[in-house]
Amino acid sequence: MKRHLLSAADLSRDDAELVLRTAEELRSLADRPIKKLPALRGRTVVNLFFEDSTRTRISFEAAAKRLSADVINFAAKGSSLSKGESLKDTALTLEAMGADAIVVRHAASGAPHRLATAGWTGSSVINAGDGTHEHPTQALLDAFTMWRHLGALDGRRVAIVGDVLHSRVARSNALLLRTLGAEVTLVAPPTLLPVGVDGWNVETSYDVDSVLPKADVVMMLRVQGERMNASYFPTVREYSRRYGLDARRMAQLQDHTIVMHPGPMVRGMEITADVADSSRSVIVEQVTNGVAVRMAVLYLLLGGSEPAGTTERDAA
Amino acid sequence: MSTDRTLIRGARPLGGDAADVLLRGGVIAEVRAGLDAEGATVVDADGLVLLPGLVDLHTHLREPGREDAETVETGTRAAALGGFTAVHAMANTDPVADTAGVVEQVWRLGQSAGHCDVRPVGAVTIGLAGQQLAELGAMADSAAAVRVFSDDGRCVSDAVLMRRALEYVKAFDGVVAQHAQEPRLTEGAQMNEGELSGRLGLRGWPAVAEEAIIARDCLLTAHVGSRLHVCHVSTAGSVEIIRWAKSKGWNVTAEVTPHHLLLTDDLAATYDPLYKVNPPLRTHADVEAVRAGLADGTIDVVATDHAPHPHEDKDCEWAAAAFGMLGLETALSVVQHTMVDAGLLTWADVADRMSRTPARIGRVSEHGRPIAAGEPANLVLYDPSASRVVEPGESASLSRNNPYTGLELPGRVVHTFLRGTPTVHEGKPA
């Protein structure tokens, strides 16, 4: 593994499978009475969040704490974009405090890349979502969830439906799922597919109904109603009719097909409540898996020297 | 060093056969082989190419307002080191150069610095706001004698306002230099729109946003019979549109920057804002097209768009960074590398694209002249056989946002003369 996790493209197939196997070991921890390992005792993990994201922050925080790391939460509302303290000065501050890993969420695409490469800090940098670029740990937890339900992903068909243009989740998933051998189809109105998507080595479609019957996984992306004001689609209702996942569409799915959503959902927009709460939905499980995957990433990046699952007795 | 009489010994005017050139009283006194020094200061120019002093149509000197990035003094010193004897100072200062008072101030600062002539560009609209014409006539009639008007950094996107500006400047032989960028198509845009912008999650800047404005402005110019100059052409489509407009006989000229002749959009994958510029770096195909356009004369001139920014405005995340890159001290080297060494331009062509034609577009009478007896002694001696690795710390500019950092570029400006007086001697400020 590289020293940073900035993009899902940083992961070779071996790297990705190592993360998934490690996560599987660590996930079993969730079922034990004492959910803590000493693997990262004495190491400091900083959650540096320039954007609000309670669920991702909590997930990383839980992951770091279960590995006994010291966790500092740094909510830097007001990034340099709003002329607050600059990313650089924040990085220098964290460096001075001796952070071993910086988990960063930022509204600017590439901000974690800058943090890792501009020479401001020697810490490992984990991208927890940057602008409309990537969210690699989300892709890992999604792949982990699929893997637990479907086994190996080679040849599996994953449909990712919604606002691909603005989605860091879609970008990271497209990269990682291809690395793991899955077939990916991005489904969106033409306005919400990026220019040049032909070069992503994935299929695209404007027609969700033609894609659903063949899919093994359907991943619905959040669509912000405000996009309507920028003419990406005419109305929320039209979007829901053409691209939303409701019970009628869900009936087209194969029996084993699972429904995913990275959250937060807009119920009634891209997904109806009955689908979100159905037995096909693994949305809540994604959250549980998120902690295990983030534990695996922290453990592997910070070079935990011993196998992840073997030291729990020391902790107990 | 005496500035009264200088004998340039053995230089190759426009890259041709070696000759001696005697400068006296600020003008070229004589050009021929085997001139006698007769007590003149002798400059050994054996093997150096002699060109008319370069003229930049597009320079940001940042004064008044952003003296932390550049001043007229430092910017013109950098210009001289790059072989320039005249630069056009863009209007997007603070306050904006939209009155006779501001353009005269910039002009006087240039005179007192003395490194090269400064021709201020006047804003087209008050405060660059695109609402109301600035007092173009007052700027034209001022001591600064403004002939080039531009809202550069912003596009005069309102079609009626652009039409009126084009019409109005006809009264004093002015030209409107348009920053072609359709604003709605480029809201929040960060880099060239293409596969890479999609992958990097940086909002795309489509070529059509540039091309649509150029097409419209060519048609407007033809309709009102005025002069249009297109700033920093960056796309293959723009070159095609300008080629078409010229084929119609319309009075349209265009410039390309050195960075658009050399650098491509894949540099954005570093997320290093050193490569963030407006218009953005484009694709290899676009680079090929602007080179071809410059070679065949569709693009008339090379203009630097030298855009200094303080360190903190580039030492940050991409979206927060300022647009722009330095260019004055590397322009001739980049043109040699991309055009001369590639066989696309001769040195005589370089003199045309970087001196004669920009002077003609800007109506700068004392620059861009032939190398002949009686002409003003605005000259540059250039060593095309030299090469260097670009080191931003060596710049005379106050800023360090040099996109060629670490690249090896050919050539070196050895001497620059402004009206016979050396402004650069042996590659150092004289």
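Everything quoted here is computed from the prediction, not taken from an experiment. A, B, ... follow the sequence lines: proteins, then strands. Residue 1 opens every chain.
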Comparing G204(B), P206(B), G201(B) against chain A, the one with the most heavy-atom pairs below 4.5 Å turns out to be G201(B)
Part of residues 394-404 of chain B lying next to chain A, heavy-atom separation under 4.5 Å: none
Using distance alone, with no hydrogens and no angle criterion, decide if T121(A) and E95(A) have a side-chain donor and acceptor under 3.5 Å apart. yes
Identify the two heavy atoms, one from D286(B) and one from A236(B), that lie closest to each other, and give their separation to 0.1 Å. OD1-N, 2.8 Å
Parallel under 30°, tilted from 30 to 60°, perpendicular over 60°: which one fits the rings of F323(B) and W205(B)? perpendicular
May I ask you to check whether H306(B) and E70(B) show a side-chain donor-acceptor distance below 3.5 Å? yes
Any T132(A) side-chain heavy atom under 4.5 Å of L165(A) side chain: no
Any donor-acceptor N or O pair under 3.5 Å, side chains R282(B), T235(B): no
Just checking, is any N or O donor in the side chain of E67(B) or T71(B) under 3.5 Å from an acceptor N or O on the other one? no
Does anything in residues 258-275 of chain B reach chain A? List residues with heavy atoms under 4.5 Å apart, or say none. A269(B), T270(B), Y271(B), D272(B), P273(B)
Assess the side chains of D10(A) and H4(A): does a donor N or O sit below 3.5 Å from an acceptor N or O? no
Does a side chain donor of either N127(A) or E134(A) reach within less than 3.5 Å of an acceptor in the other side chain? no
Choice from D315(B), L200(B), L202(B) maximising heavy atom contacts with chain A below 4.5 Å: D315(B)
How are the rings of F233(A) and Y239(A) set relative to one another: parallel (under 30°), tilted (30 to 60°) or perpendicular (over 60°)? tilted
Under 3.5 Å, is there a donor on one side chain and an acceptor on the other for T330(B) and S333(B)? no
Most chain B-contacting option - heavy-atom pairs closer than 4.5 Å, from G199(A), A111(A), P194(A): G199(A)
